[in-house]
Each structure stands twice: as C-alpha cells, then as structure tokens.
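Report on one structure; see the data block that follows.
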Amino acid sequence: MKAADLTVISLSLPSPEAADVLLELLDADAFTPTVWEDMETHTARLEVYLEEAGRAAAVVEALRGAVALAGIAAPEPVVESLPAADWSEAWKRFFHVEHVSPRVTIRPSWEPYEAKPGEAVVTLDPGMSFGTGKHPTTRACLMFLDELAQGDLSRPVLDMGCGSGILAIAAWKLGFTHVRGFDYDPDAVEVARANAALNDVRIPFEARDLAANLDQGAVVLANILGPVLIAHAAEVACAALPGGAVVASGILETLYPEVRAAFEAQGLREVRALTIGEWRTGLFEKPALD
C-alpha cells in the first residue's frame, strides 16, 4: 500500500441508534469511529480510517465484539483501501444543509445557503475525527442553546469539551458576546480554532482538562459523556455562575438518572430534559445567591 493511502473499515448498521450503542461499547482510546446517517433510508454506516494497515484486524475484531455484545443484526465489517486524496469527496453525499433548531442551521462549505433573518448559520466541514452536528446529543444541545439565546446575550458562555467547536460557534452566531471553550484533546482545539476562523468568529479555545478548569459561565455547555459528567459533577457545577444554566449531554438515557443525581448533589436543579433516540440531554440551573 502506498504511504498516501488510508485503510477504511466500514460497518453497515440498521439505524443511527444502533451506531450510538456501538460508540458507547467501543474503546474510544483505541481508535476513532465516524458515523454517517443516510437521511433518506435512516440507516447508518460506521467507519474507521487508519494510516497503519496493520491495525485493521484488531479494529475488525473490536467491531465484531461490540456488535455481538449489543445484539445488533449487522453484516461483517468491510476493509478497503482509500487514497487519502479521495477522502474529501467520500463523505460529501452524507452531509448537507440541516436545520437543527428553530434558528440554528448547519451547512457544509461547498453548499450555498442564504440565511433567513435571525437565523444562525454555522459553516462546518466534516473531519476524520470530529462531529458535524448530526449526533442527537449535539442537536439537543443546540436546541437548548437556541432557547437560552432568547434571554440576556451578555451572559458569558463556556463550552466544556468543545470538540469541533460547533456549540461555541453557534452560541456566537446566536448573539452571545462572550464565548469561550476548551477540550482535553489538543487536536480538537486546533479543529475548533479552524472552524471558528471558517465562520469568521473570534472565540478563544484552549487545551485543558475538566479538573484544571478555572473559567465560569452563566451558560455552561457540557456535551461530554455520562460517566465523565458523573465523575466531574463538582467541576461542572463550579463552572456555572450563580443563577446560570448548564446544558449536560452525551448521556445514554439509561445513565441519565445517575447524572441527574450527581448534579443535584452539587446543588444544580433539573429544569427540563430532552430525549432523542437513545440519548438524553438535561437543562439544569444553579440557584442564584440570596
């Protein structure tokens, strides 16, 4: 195989929900899957891109094990070679303009779109490891963020675990004037910075861990993972200013009661929750000072 080529392992799945279950079962440190949803058939495909072909066998075994554990009916993973230069074209048929909330629209850079009055349009191109707003947890966060943007836009926004930067960028586009973000992964921070530049917004993104966070926001966005939210409930609560709101996501519905209990133990109160597929996102508030 030429050095410029990639090895791609693909797995066809019956639904996006099935893909979500597999993502929870797979070891996120071993490799990074990308999931594409076919908006017409509502099926999904999970893909893993590798620069080292020798890792393919281990990835295939991991996918087989996760499928068996989840009890999902799926065909065998397919291993193929893909010239790296073809990557930019391979995913274009899966990513189109999407209206994810009443005022937030996500569009890829290659599709023209004219924004309606008051609409926040985020330009975001897929990457090999970063999301594009299709995942239910991101969609739910954007829906809550749209609601919160009906209030005081001078409230500072903090995006904890910013990933691609989509939530922070949407907050800016909705009119919030003070937006910050951080992620433990330096690569994610670089992608977030690039996406901010693509959208012509100025948002400081930094690389740091939840435990090292000293920033606070009146609107805190924490689209992370349920177990991480439970382990760092104190840090999330401390990041919210008194009277502020916390949007917590990345939580499988079965784990949500534990996340809610951990947050309530830190003084946060659930306002409302939204379930999309297998995922549940909560809107919490921190009591104001007397």
Residue pair [X] / [Y], side-chain heavy-atom distance below 4.5 Å:
{"X": "Leu145", "Y": "Val104", "value": "no"}
{"X": "Ser12", "Y": "Thr43", "value": "no"}
{"X": "Pro156", "Y": "Val179", "value": "no"}
{"X": "Arg272", "Y": "Leu274", "value": "no"}
{"X": "Glu24", "Y": "Leu225", "value": "yes"}
{"X": "Leu22", "Y": "Val35", "value": "no"}
{"X": "Arg269", "Y": "Glu285", "value": "yes"}
{"X": "Leu210", "Y": "Ile224", "value": "yes"}

Which atom pair, heavy atoms only, marks the closest approach of [X] to [Y]?
{"X": "Leu148", "Y": "Phe176", "value": "O-CZ, 3.8 Å"}
{"X": "Cys162", "Y": "Ala192", "value": "SG-CB, 4.1 Å"}
{"X": "Ser249", "Y": "Cys141", "value": "CB-SG, 3.4 Å"}
{"X": "Lys286", "Y": "Leu268", "value": "CB-CD2, 3.7 Å"}
{"X": "Lys116", "Y": "Glu119", "value": "N-OE1, 2.8 Å"}

Q) Do Arg280 and Tyr256 meet the cation-pi criteria used here (NZ or CZ under 6.0 Å from the six-membered ring centre, within 45° of the axis)? A) yes

Q | Charged tip of Arg193 within 45° of Phe205 ring normal and under 6.0 Å | A | no

(Q) Checking side chain to side chain contact (heavy atoms under 4.5 Å, CB included) between Ile166 and each of Ile106, Val100, Asp159, which is the one that passes? (A) Ile106

Q) Taking atom CG of Leu221 and atom OG1 of Thr281, what is their separation to the nearest 0.5 Å? A) 11.0 Å

Q | Side-chain donor-acceptor contact under 3.5 Å, Glu47 with Tyr49 | A | yes

